[in-house]
Amino acid sequence: MNKYDPSAIEKKWQAIWEENNTFAASNDTDKPKFYALVEFPYPSGQGLHVGHPRSYTALDVVARKRRLQGYNVLYPMGWDAFGLPTENFAIKNHIHPEIVTKNNIARFKAQLQSLGLSFDWTREVNTTDPSYYKWTQWIFLKLFECGLAYKKEMAVNWCTSCKCVLANEEVVGGVCERCGGEVIHKVKSQWMLKITEYAQRLIDDLDLVDYPERVRAQQIHWIGRSTGAQVRFATTAGEDVEIYTTRPDTLFGATYMVMSPEHPLVETWAGRLSNLDAVRAYQEAAARKSDFERTEIAKDKTGVMLEGVRAINPVNGKEIPIFLSDYVLVSYGTGAIMAVPGHDTRDWEFAKKFGLPIVEVVKGGDVEKEAFTDCATGVMVNSGFLDGLSVDEAKKKIVEWLAKQGIGETKVNYKLRDWVFARQRYWGEPIPIVHCDKCGFVPVPESELPITLPKVDSYEPLESGESPLAAATDWVNTTCPHCGGPAKRETDTMPQWAGSSWYFLRYCDPHNDKAPASKEALEYWLPVDWYNGGMEHTTLHLLYSRFWHKFLYDIGVVPTPEPYAKRTSHGMILGENGEKMSKSRGNVVNPDEIVKEYGADTLRVYEMFIGDFEKAAPWSSSSIRGSRRFLERVWALQDAVVPGDGIRTGLEIPFNKTIRKVGEDIETLKYNTAIAAMMALLNDLSAAGGVTREEYRILLILLNPFAPHMTEELWEIMGYPGQIAQAQWPSFDPDKCREDTVEIAVQINGKLRARVTIPADADAAAAIAAAKADEKVAQAMEGMAVVKELYVPGKLVNIVVKTA
RNA sequence: GCCGGUGUGAUGGAAUUGGCAGACGUGACGGACUCAAAAUCCGUUGGUAGCGAUACCGUGCCGGUUCGAGUCCGGCCACCGGCACCA
């Protein structure tokens with residue numbers, strides 16, 4: 001036997017797989033299809049991290065197993081390569097981002113290939129390739145055509161460090177998700193996508209797919225549907241103010257009104273406000289606050305009263321004051337609320353601070369001490385025709401009343417905002433729109449796509465807040481496709497999330513130059529059967545791509561309403577100290593070094609064995625040795641082949657059980673116990689003094705998805721026909737998964753007293769008799785009266801006794 | 001505050017969904033091989049008491065249901081992730 005030398009074996013088989021395109025998927029076959037997908041990486045300068053292979057290996061195991069089971073498997077890989085880090089690196093080092101990207105991709109690809117992942121490299125995609133982003137631009141044009149892409153002057157999140165706008169999803173805790181820079185509000189004209197149009201379907205269609213509860217819940221929460229009422233309040237100024245509330249039942253308790261500082265009626269009323277200076281000052285102060293400041297000082301309420309205009313509560317005709325306060329957001333509901341301090345915590349705090357009246361309209365708490373917000377138990381009081389009703393009854397009745405008066409109706413609101421779809425940076429897809437003074441925004445004709453990025457001297461963001469593309473005047477100045485007059489190109493680029501919103505479609509037919517992918521290819525492959533990725537993308541990429549897919553479904557481009565039939569999510573791999581791996585903490589493990597020291601197969605087995613796949617797990621440099629030992633022992637079996645055909649009698653049950661368990665566990669994310677089962681089987685084989693050829697063959701196939709290189713090599717050494725990648729996954733016989741006799745537990749009053757071995761098919765009477773025959777049991781029962789006897793087949797006997 | 005999740009040996013984690021808690025690894029300890037070490041192989045390893053068979057205790061805490069609870073129910077606590085002035 002040769003020494004187990006992973007570096008030689010792995011290189012050998014990787015070359016063979018590449019040469020033969022072993023893992024290329026066919027678009028034309030009778031086999032059932034299986035589309036496995038992992039999130040394609042952003043090829044950063046740092047190279048691969050040990051976190052990446054956890055996800056990639058997991059679905060590689062599934063993909064390899066499904067191939068052995070006779071499926072036509074598509075398991076593709078590509079590069080999500082547009083984005084800021086590349087651009088920043090390019091700026092700093094004066095290298096074109098295209099070159100930076102090319103280098104990073106080469107490094108990533110070599111690393112992925114060294115792990116023996118069975119990707120179909122003939123379908124590799126790259127979002128920065130003009131032949132790819134041609135179709136990203138094409139989808140944008142379709143969105144524009146359907147009115148779902150529009151440009152709007154509005155306050156947007158502006159990262160002061162990236163000098164770029166951000167989507168709401170990219171602002172985390174008031175700072176930039178990517179760089180941690182301060183985020184302020186800036187009024188800019190921006191391209192937007194109407195994701196809000198799909199809010200309800202993005203919630204409802206979660207019922208069509210198999211997602212983990214945490215993903216579902218996070219998406220639903222992010223979309224933030226609420227049902228309430230929109231109510232028009234008359235004012236002493238003449239104009240009505242419309243408010244949104246989820247508690248219309250508390251209308252009698254509305255003792256004042258609050259509008260957001262940006263509310264347009266303030267301008268309308270400017271002439272009648274006696275304290276206009278104070279109002280203006282408050283508006284300016286609110287505008288200056290960054291998101292970060294807003295969240296930091298969240299609970300301290302500020303505001304100013306509009307002196308000169310009052311609102312009229314429609315239920316009782318009372319005049320109530322109107323305030324401006326930044327605790328009311330322009331962007332949600334109508335930008336104005338009725339304040340019910342007795343039953344809303346924020347209104348209560350505001351009322352206390354400004355000395356406003358608090359009226360109790362739902363009985364059940366003490367509104368002088370705190371707002372009473374419980375809807376389930378309260379009873380209406382001080383509310384005229386609502387008195388005595390429950391909150392739910394009152395809601396129904398008041399909405400009916402408002403409708404009859406013509407001043408209000410039921411209204412559904414979402415927290416989801418439209419998607420800010422423009423970035424003032426160089427390294428992204430140009431937005432294919434031309435600005436013409438005469439014709440307005442004119443889409444570039446499809447025939448002119450792709451609009452490629454021009455060469456520019458500097459990719460530095462401009463201080464003016466414009467994209468660096470604005471400096472490429474030759475490129476910017478063009479003619480209007482509509483009237484032929486002089487016009488300018490849009491200089492903003494698309495956000496990083498654009499290319500990844502449809503990449504899984506491109507894999508189906510990656511070289512098509514007539515469409516994102518052919519109808520036939522999409523009909524065949526969609527939906528993605530299993531998509532694994534990180535939790536951090538739940539309200540970003542995962543939501544965005546569902547939105548784009550639904551849009552493409554509506555215009556007949558894709559055949560399914562949802563892109564991904566099943567989504568799973570892996571836990572992070574932490575540093576050895578239990579903290580998140582990062583350069584600054586000095587706890588980063590480089591997969592290249594692990595491959596060098598132990599081999600890719602060991603890394604793969606270890607990452608699958610490390611723990612519960614869905615949970616975070618700390619790296620352990622001593623534990624990984626266990627995975628290597630396991631492989632070494634399997635390797636050594638080649639010298640322990642014993643004569644005999646098939647599976648030896650005593651090993652039939654362990655083999656059948658292991659085949660069943662490994663197969664099931666791979667499908668249910670329990671990779672750790674699948675490996676444990678194979679280790680246990682190996683222990684059985686050692687105890688049996690070796691393996692037969694057939695036993696070894698089966699073990700190698702079971703292990704192949706996890707350790708593909710070593711099992712191929714052993715397959716060849718043992719002289720089994722062909723390559724193991726073309727072998728057939730073993731089947732099991734359910735009858736041979738059970739022993740003839742079983743050891744059962746015997747309990748007296750639920751306490752374990754003995755173990756007895758009985759035939760597996762023994763009936764209750766026989767099992768109980770066998771239990772009673774045991775010496776210890778008899779002893780424990782002496783002088784006791786039997787109350788009850790139970791037998792759980794194959795598990796235990798429990799005899800309930802009491803003192804006689 | 002709201003939503004989702006987790007809590008089991010020294011340690012990563014198992015437990016067929018209400019039925020023998022701790023599979024499989026790692027580490028540690030003891031032994032074999034070796035001049036020696038590494039590697040490898042064998043054994044022990046939840047706690048307490050006992051030479052021992054054995055007994056009692058033990059899955060974050062308190063209580064409940066049940067013949068029987070890591071698993072179900074009620075009430076807490078801690079940690080992780082997400083959202084957060086969304087009316």
Side-chain angles (χ1 to χ4, degrees), chain A residues 172-174 212-222 224-226 228 243-247 250 258 260 294-295 297-301 325-329 331-340 343-347 349-350 373 413-417 535-536 538-539 571-572 605-606 609-612 614-627 629-630 632-633 636 657 660-661 664 670 672-683 686 737 743-755 776 787-801:
Chain A
V172 174
E213 183 54 33
R214 53 185 176 155
V215 173
R216 244 182 94 85
Q218 249 180 61
Q219 288 208 344
I220 289 172
H221 193 237
W222 183 262
R225 181 194 154 107
S226 72
I243 62 97
Y244 174 70
T245 178
T246 54
R247 292 294 303 276
T250 61
V258 188
S260 81
R294 268 182 99 125
T295 43
I297 52 174
K299 303 300 175 219
D300 195 22
K301 299 279 179 294
S325 176
D326 63 5
Y327 84 86
V328 174
L329 311 172
S331 52
Y332 185 76
T334 60
I337 60 160
M338 67 176 196
V340 185
H343 305 285
D344 181 280
T345 313
R346 296 148 304 186
D347 297 344
E349 282 166 11
F350 191 87
T373 56
N413 260 316
Y414 301 91
K415 291 182 198 168
L416 186 69
R417 303 269 71 88
M535 280 306 290
E536 69 276 18
T538 302
T539 54
M572 250 192 295
V605 168
Y606 177 60
F609 189 61
I610 194 168
D612 182 336
E614 296 187 270
K615 282 197 234 148
W619 183 266
S620 162
S621 50
S622 57
S623 267
I624 191 171
R625 295 167 58 201
S627 299
R629 279 180 200 147
F630 168 58
E632 295 265 15
R633 290 178 66 202
K657 275 165 94 169
R660 182 177 66 182
K661 177 137 187 77
E664 283 173 2
K670 294 165 86 173
N672 53 341
T673 50
I675 291 169
M678 289 186 280
M679 288 174 167
L681 180 64
L682 179 64
N683 290 341
S686 300
C737 292
E743 193 186 58
I744 61 164
V746 183
Q747 296 181 341
I748 305 289
N749 290 345
K751 286 205 167 182
L752 182 69
R753 283 292 173 252
R755 291 170 224 272
K776 277 173 263 172
V787 178
K788 201 170 176 184
E789 294 169 328
L790 292 118
Y791 175 55
V792 182
K795 303 263 193 255
L796 58 67
V797 166
N798 189 13
I799 301 170
V800 186
V801 296

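A, B, ... follow the sequence lines: proteins, then strands. Residue 1 opens every chain. Any value given below was found using the heavy atoms of this structure, including those in side chains, with hydrogens, waters and symmetry copies removed.
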When rounded to the nearest 0.5 Å, the distance separating CG of L790(A) from CD1 of I799(A) is 9.5 Å
[X] near the nucleic acid: base, sugar-phosphate alone, or nothing, with a heavy-atom cut-off under 4.0 Å?
X: K670(A); value: sugar-phosphate
X: K661(A); value: nothing
X: R629(A); value: sugar-phosphate
X: S620(A); value: nothing
X: S226(A); value: sugar-phosphate
X: R225(A); value: nothing
X: R660(A); value: nothing
X: A616(A); value: sugar-phosphate
X: N683(A); value: sugar-phosphate
X: L790(A); value: base
X: E789(A); value: nothing
X: Q218(A); value: sugar-phosphate

Starting at [atom1] of [X] and ending at [atom2] of [N], how long is that distance when rounded to a whole Å?
X: H343(A); N: C85(B); atom1: NE2; atom2: C1'; value: 19 Å
X: R417(A); N: A84(B); atom1: CZ; atom2: C1'; value: 14 Å
X: K795(A); N: A15(B); atom1: NZ; atom2: P; value: 13 Å
X: K788(A); N: G68(B); atom1: NZ; atom2: C1'; value: 10 Å
X: W619(A); N: G27(B); atom1: CH2; atom2: C1'; value: 17 Å
X: D612(A); N: G22(B); atom1: CG; atom2: P; value: 20 Å
X: E614(A); N: G81(B); atom1: CD; atom2: P; value: 17 Å
X: R216(A); N: C3(B); atom1: CZ; atom2: C1'; value: 13 Å

Of T539(A) and R633(A), the one whose closest RNA chain B nucleotide lies more 5'
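Result: R633(A).
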Assign each of G750(A) and T673(A) to its nearest nucleotide of RNA chain B by heavy atoms, then name whichever residue's nucleotide is nearer the 5' end.
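Its nearest nucleotide lies further toward 5', so the answer is T673(A).
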Of all the nucleotides listed ([options]), which has the minimum atom distance to the side chain of [X]?
X: K751(A); options: G4(B), C57(B), U6(B); result: C57(B)
X: N798(A); options: G19(B), A87(B), G13(B); result: G19(B)
X: M679(A); options: C24(B), G19(B), G13(B); result: C24(B)
X: N672(A); options: G27(B), A87(B), G13(B); result: G13(B)
X: R753(A); options: G7(B), A55(B), A15(B); result: A55(B)
X: H221(A); options: G82(B), C85(B), A87(B); result: G82(B)
X: W222(A); options: G4(B), C83(B), C85(B); result: C83(B)
X: S622(A); options: G12(B), U26(B), C67(B); result: U26(B)
X: R625(A); options: C3(B), G19(B), G27(B); result: G27(B)
X: L752(A); options: G13(B), C85(B), A21(B); result: A21(B)

Would you please test T538(A) and Q219(A) for side chain to side chain contact (heavy atoms under 4.5 Å, CB included) and show each step?
CA-CA 7 Å; T538(A) 302; Q219(A) 288 208 344; 3.7 Å; yes
Of the non-hydrogen atoms in [X] and [Y], which two are nearest, and what is the gap between them?
X: I610(A); Y: A617(A); result: CG1-CB, 4.0 Å
X: N413(A); Y: G333(A); result: ND2-CA, 3.6 Å
X: L752(A); Y: A745(A); result: CD1-CB, 3.6 Å
X: I337(A); Y: Y244(A); result: CG2-O, 4.2 Å
X: S623(A); Y: Y606(A); result: CB-CE1, 3.7 Å

Is the base of C85(B) touched by the side chain of K301(A) through a donor-acceptor pair closer than 3.5 angstrom?
yes
Pairing string of RNA chain B (Watson-Crick or G-U wobble, both atom distances under 3.5 Å; | = paired to other strand) is (((((((..(((......[....)))((((((.......))))))((((....))))..(((((..]....))))))))))))....
Working note: S686(A) + R633(A), criterion side-chain hydrogen bond (donor to acceptor under 3.5 Å, both in side chains); need CA distance, chi angles, decisive distance, verdict.
CA-CA 9 Å; S686(A) 300; R633(A) 290 178 66 202; 3.0 Å; yes
Considering only the [atom1] atoms, how many Å lie between [N] and [M], rounded to the nearest integer?
N: A23(B); M: G9(B); atom1: C1'; answer: 14 Å
N: G46(B); M: A10(B); atom1: P; answer: 10 Å
N: C41(B); M: G25(B); atom1: P; answer: 11 Å
N: U66(B); M: U17(B); atom1: P; answer: 23 Å
N: A55(B); M: G5(B); atom1: C1'; answer: 39 Å
N: C2(B); M: G18(B); atom1: P; answer: 29 Å
N: G31(B); M: G19(B); atom1: C1'; answer: 38 Å
N: A28(B); M: U11(B); atom1: P; answer: 15 Å

Start with the C-alpha distance between M679(A) and F609(A), add both sets of side-chain angles, then the distance that settles side chain to side chain contact (heavy atoms under 4.5 Å, CB included), and finish with yes or no.
CA-CA 11 Å; M679(A) 288 174 167; F609(A) 189 61; 3.9 Å; yes
Just checking, K301(A) and F350(A): is the charged tip under 6.0 Å from the six-membered ring centre and within 45° of the axis?
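So K301(A) doesn't make the cation-pi contact.
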Quick check against the 3.5 Å criterion: does R417(A) have a side-chain atom that pairs as donor or acceptor with the backbone of S331(A)?
yes
Which glycosidic conformation, syn or anti, is assigned to U17(B) if syn requires a torsion within 90° of zero?
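You should classify U17(B) as syn.
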Pull up the glycosidic torsion of G9(B) and say syn or anti, syn being anything within 90° of 0.
syn
